[in-house]
Amino acid sequence: MIFRIVNFTMILITTFDKQEFPVNQSLDEIHQLLAAQQFFRINRQYLVNYSAVKEVEHYFTRKLVVTLSVDTSEKLLIGKDKTAAFLNWLDSR
């Protein structure tokens with residue numbers, strides 16, 4: 001399951017079987033409600049479930065590229081400021 005912002009205003013939940021559901025809360029509000037062990041806010045637009053992470057690769061200037069089990073239209077980058085926290089989150093599982 002992933003949460004993503006669409007068109008700067010709408011939040012969609014995408015399930016593992018690719019169903020999409022709109023949500024009326026912000027990603028910050030949703031993130032506060034979810035277990036930190038299961039979900040990580042990888043950037044301003046995506047909050048991802050641990051089980052959705054398919055592959056992580058190093059990218060330029062200490063960034064990471066994340067591939068999810070659910071298709072996304074753009075490349076999901078984790079900035080260098082969140083790289084260590086993300087890798088620790090993956091390792092703590």
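Note that these values count all heavy atoms, side chains included, but never hydrogens, waters or copies made by symmetry.
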*Please check if L87 and L77 belong to a single hydrophobic cluster, counting links between Ile, Leu, Val, Met, Phe, Trp and Tyr side chain heavy atoms closer than 4.5 Å.*
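Cluster IDs for L87 and L77 differ.
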
*Identify whether W89 and L76 are in the same connected component of the hydrophobic contact network (ILVMFWY, side-chain heavy atoms under 4.5 Å).*
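Linked within one cluster.
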
N/O donor to acceptor pairs below 3.5 angstrom from side-chain atoms of residues 54-71, sequence neighbours left out:
none

*ring pair (Phe, Tyr, Trp, His ring centres under 6.0 Å): which pairs involve residues 66-85, sequence neighbours left out?*
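Passing the test, one end in residues 66-85: no pairs.
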
Counting only pairs under 3.5 Å, give me each side-chain donor-acceptor contact of residues 10-22, with atom names and distances, residues two or more places apart or in other chains.
| residue | atom | partner | partner atom | Å |
| --- | --- | --- | --- | --- |
| T15 | OG1 | D17 | OD1 | 2.3 |
| T15 | OG1 | Q19 | N | 3.1 |
| T15 | OG1 | Q19 | O | 3.4 |
| E20 | OE2 | R4 | NH2 | 2.6 |

*Qualifying salt bridge (charged side-chain N to carboxylate O under 4.0 Å, His left out) pairs, either residue in residues 76-85, two or more places apart*: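 Salt bridge (charged side-chain N to carboxylate O under 4.0 Å, His left out) check on residues 76-85 returns no pairs.
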
Which atom pairs, one a donor and one an acceptor, fall under 3.5 Å between side chains of residues 32-45 and the rest of the protein, sequence neighbours left out?
| residue | atom | partner | partner atom | Å |
| --- | --- | --- | --- | --- |
| R41 | NE | N43 | O | 2.9 |
| R41 | NH1 | D28 | OD1 | 2.7 |
| R41 | NH2 | R44 | O | 2.9 |
| N43 | OD1 | Q45 | N | 2.9 |
| N43 | OD1 | Y46 | N | 2.8 |

*Is it the case that more than 12 heavy atoms not belonging to N88 sit under 6.0 Å from its CG atom?*
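Yes, CG of N88 has more than 12 neighbouring heavy atoms, counting only those of other groups under 6.0 Å.
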
*Got a sec, which residues hit side chain to side chain donor-acceptor pair (under 3.5 Å) with S51, two or more places apart in sequence or on another chain?*
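By the side chain to side chain donor-acceptor pair (under 3.5 Å) rule, S51 matches N49.
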
